[in-house]
Amino acid sequence: MSKSARIPVSDLHAILETVGECRDRGDDPAVWREHFLGAVAKLVGADVVMGGELAGLRAGRPADIAAIHFGWESESLRDRWEQAYRDFAAGRLPDPTIGKCFSQVAGARGEASIAQLLGERAWCRSIFYQFYSAVGMDANLYSFHPVPDTADEFSGLILTRTAGRRAFNARETQIVREFHAAIVPLVGRALARFNEPCPSKLAPRARQVLKCLLEGDGDKQVAVRLALSPYTVNQYTKVIYRHFGVSSRAELLARWIARGWGATAQWASRCNSQDSGPGSAINV
């Protein structure tokens with residue numbers, strides 16, 4: 001590794017600290033990824049970072065599984081980007097070289113900009129360049145690493161800078177590589193994937209009940225803590241079981257313990273009496 005690409009010890013510490021913080025948020029794929037993207041953006045000076053899971057990269061037919069965005073100045077710019085990306089994934093943007101670039105980065109399990117892969121002149125003539133320009137972006141860096149135990153699914157990062165800013169340098173590229181490489185082995189394990197059920201998809205009152213269950217409370221204790229009837233607690237418990245695909249409290253607890261999750265995650269910290277009153281409705 002060249003001297004210019006070496007990562008400062010302070011940045012390595014920041015990476016390790018963020019990985020631990022992501023694990024603490026690991027039961028919710030949107031929450032931990034948002035935290036991860038914010039940390040990456042701060043560490044390398046990216047204006048916008050998009051991160052998620054994709055399929056079909058090796059086959060040259062990338063398709064989003066789901067994604068999180070961080071840093072857009074306006075919803076309209078983000079919506080414009082998302083629409084163009086959907087058009088690309090659906091084959092409505094006739095620029096096959098970009099798909100090949102994605103596959104090349106994925107195959108190398110590495111990081112690169114489109115300009116590095118195509119050459120500066122070809123990049124400036126590409127449809128994707130026009131698209132980047134339309135949303136005020138230019139410099140970019142792509143990072144794709146395979147999700148464990150999958151055939152052709154990847155954790156992806158797209159980092160961009162506003163037009164006029166310099167390209168990502170060797171040190172910043174190495175930081176992204178190390179950061180992403182530290183996160184990906186945990187995806188689908190300590191860090192939930194997008195296709196998994198998560199607490200934030202539950203109604204506020206159901207999350208309160210879930211938090212109590214994870215803290216070891218029985219139905220009567222939950223009823224007292226939340227000022228609910230035992231019957232209502234039982235109905236919420238059934239909703240929680242269906243949501244997570246379990247049939248008992250033991251299975252529910254085993255799911256959390258096996259993944260290294262707890263009841264102290266971000267969603268749980270928001271579970272207070274102001275979320276929902278005692279008389280809140282429940283769909284069962």
Side-chain angles (χ1 to χ4, degrees), residues 18-39 51-53 64-70 75 78-79 82 147 149 153 155 183 186-284:
T18 301
V19 171
E21 292 165 350
C22 287
R23 291 184 69 120
D24 291 339
R25 297 160 170 80
D27 57 12
D28 193 310
V31 172
W32 76 254
R33 278 194 183 276
E34 184 176 12
H35 186 73
F36 171 49
L37 299 187
E53 296 171 25
D64 273 332
I65 296 174
I68 296 293
H69 295 242
F70 179 89
E75 292 291 326
R78 188 183 71 177
D79 291 346
E82 287 183 330
V147 174
D149 306 319
E153 296 180 5
S155 172
I183 284 288
L186 303 176
V187 176
R189 295 165 182 172
L191 304 178
R193 298 192 61 186
F194 284 108
N195 56 4
E196 296 184 62
C198 64
S200 63
K201 298 295 184 181
L202 291 168
R205 202 57 156 166
R207 292 200 303 271
Q208 290 179 319
V209 173
L210 174 62
K211 181 176 185 292
C212 292
L213 295 178
L214 294 176
E215 291 175 348
D217 290 341
D219 286 358
K220 291 182 179 179
Q221 292 170 299
V222 176
V224 171
R225 285 181 64 178
L226 302 181
L228 298 171
S229 71
Y231 172 81
T232 302
V233 171
N234 182 261
Q235 297 306 301
Y236 275 119
T237 300
K238 289 178 180 178
V239 169
I240 292 167
Y241 288 175
R242 286 201 300 268
H243 182 72
F244 290 105
V246 300
S247 57
S248 68
R249 187 170 308 191
E251 283 187 54
L252 180 70
L253 294 175
R255 178 190 180 93
W256 251 255
I257 293 170
R259 300 290 289 274
W261 300 336
T264 58
Q266 193 174 76
W267 65 268
S269 67
R270 296 196 298 268
C271 289
N272 55 56
S273 59
Q274 297 176 346
D275 278 335
S276 181
S280 296
I282 178 172
N283 297 317
V284 295

Original post:
Does some side-chain heavy atom of Asp219 sit less than 4.5 Å from a side-chain heavy atom of Pro230?
Top reply: no

Original post:
If every non-hydrogen atom of Ser155 is compared with every non-hydrogen atom of Val147, which pair is closest and at what distance?
Top reply: N-CG2, 3.6 Å

Original post:
How close do Pro29 and Ala192 get, heavy atom to heavy atom, and via which atoms?
Top reply: CB-O, 3.4 Å

Subject >> Spatial distance of atom CG (Leu252) from atom NE2 (His243) [nearest 0.5 Å] >> reply: 10.5 Å

Subject >> Nearest heavy-atom neighbours spanning Leu186 and Arg23 >> reply: CD2-NH1, 3.5 Å

Subject >> Min side-chain heavy-atom separation Trp32-Glu21 under 4.5 Å >> reply: no

**OP:** Compare every heavy atom of Ile240 with every heavy atom of Ala206, then report the nearest pair and how far apart it is.
**Re:** O-CD1, 3.4 Å

**OP:** Under the side chain to side chain contact (heavy atoms under 4.5 Å, CB included) rule, collect the residues that match up with Ile257, sequence neighbours excluded.
**Re:** none

Subject >> Non-hydrogen side-chain atoms of Gln235 and Thr232 separated by less than 4.5 Å >> reply: no

Original post:
Distance-only, no hydrogens or angles: does the Arg205 side chain make a donor-acceptor pair with backbone N or O of Leu226 under 3.5 Å?
Top reply: yes

**OP:** In sequence, state the C-alpha distance, the side-chain angles, and the governing distance for Tyr236 and Leu213, and then conclude on side-chain contact (heavy atoms from CB on, under 4.5 Å).
**Re:** CA-CA 11 Å; Tyr236 275 119; Leu213 295 178; over 6 Å; no

Subject >> Over all atoms of both residues, closest heavy-atom pair of Ala223 and Ser229 >> reply: CB-C, 4.3 Å

**OP:** First locate atom CG of Leu202, then atom CD of Gln208, and finally report the distance between them rounded to the nearest 0.5 Å.
**Re:** 11.5 Å

Original post:
Is Asp149 close to Arg189 at the side-chain level, that is, under 4.5 Å between some pair of heavy atoms?
Top reply: yes

Subject >> Partner set under salt bridge (charged side-chain N to carboxylate O under 4.0 Å, His left out) for Glu53, not counting sequence neighbours >> reply: Arg33, Arg193

Subject >> Contacts of type side chain to side chain contact (heavy atoms under 4.5 Å, CB included), residue Ser247, not counting sequence neighbours >> reply: Glu251

Subject >> Minimal non-hydrogen separation, Cys22 against Phe36, with atom names >> reply: SG-CB, 3.8 Å

Subject >> Test item: Glu34 side-chain N/O and Val31 main-chain N/O as donor-acceptor pair under 3.5 Å >> reply: no

**OP:** Please identify each residue that fulfils side chain to side chain contact (heavy atoms under 4.5 Å, CB included) with Ala203, with sequence neighbours left out.
**Re:** none

**OP:** Please round to the nearest 0.5 Å and tell me the distance separating atom CG of Asp79 and atom NE2 of His69.
**Re:** 9.0 Å

**OP:** Can you sort out the partners of Arg255 under side-chain hydrogen bond (donor to acceptor under 3.5 Å, both in side chains), two or more places apart, ordered by chain and number?
**Re:** none

Original post:
Rounded to the nearest 0.5 Å, what separation is found between the NE2 atom of His35 and the CG atom of Asp28?
Top reply: 13.5 Å

**OP:** Kindly write out the residues that satisfy ring-ring contact (aromatic ring centres under 6.0 Å, His included) with Phe244, not counting sequence neighbours, or none if the list is empty.
**Re:** Trp256

Subject >> From CD (Glu196) to CZ (Arg259), nearest 0.5 Å >> reply: 4.0 Å

Original post:
Between CZ of Arg25 and CG of Leu191, what distance do you get to the nearest 0.5 Å?
Top reply: 11.5 Å

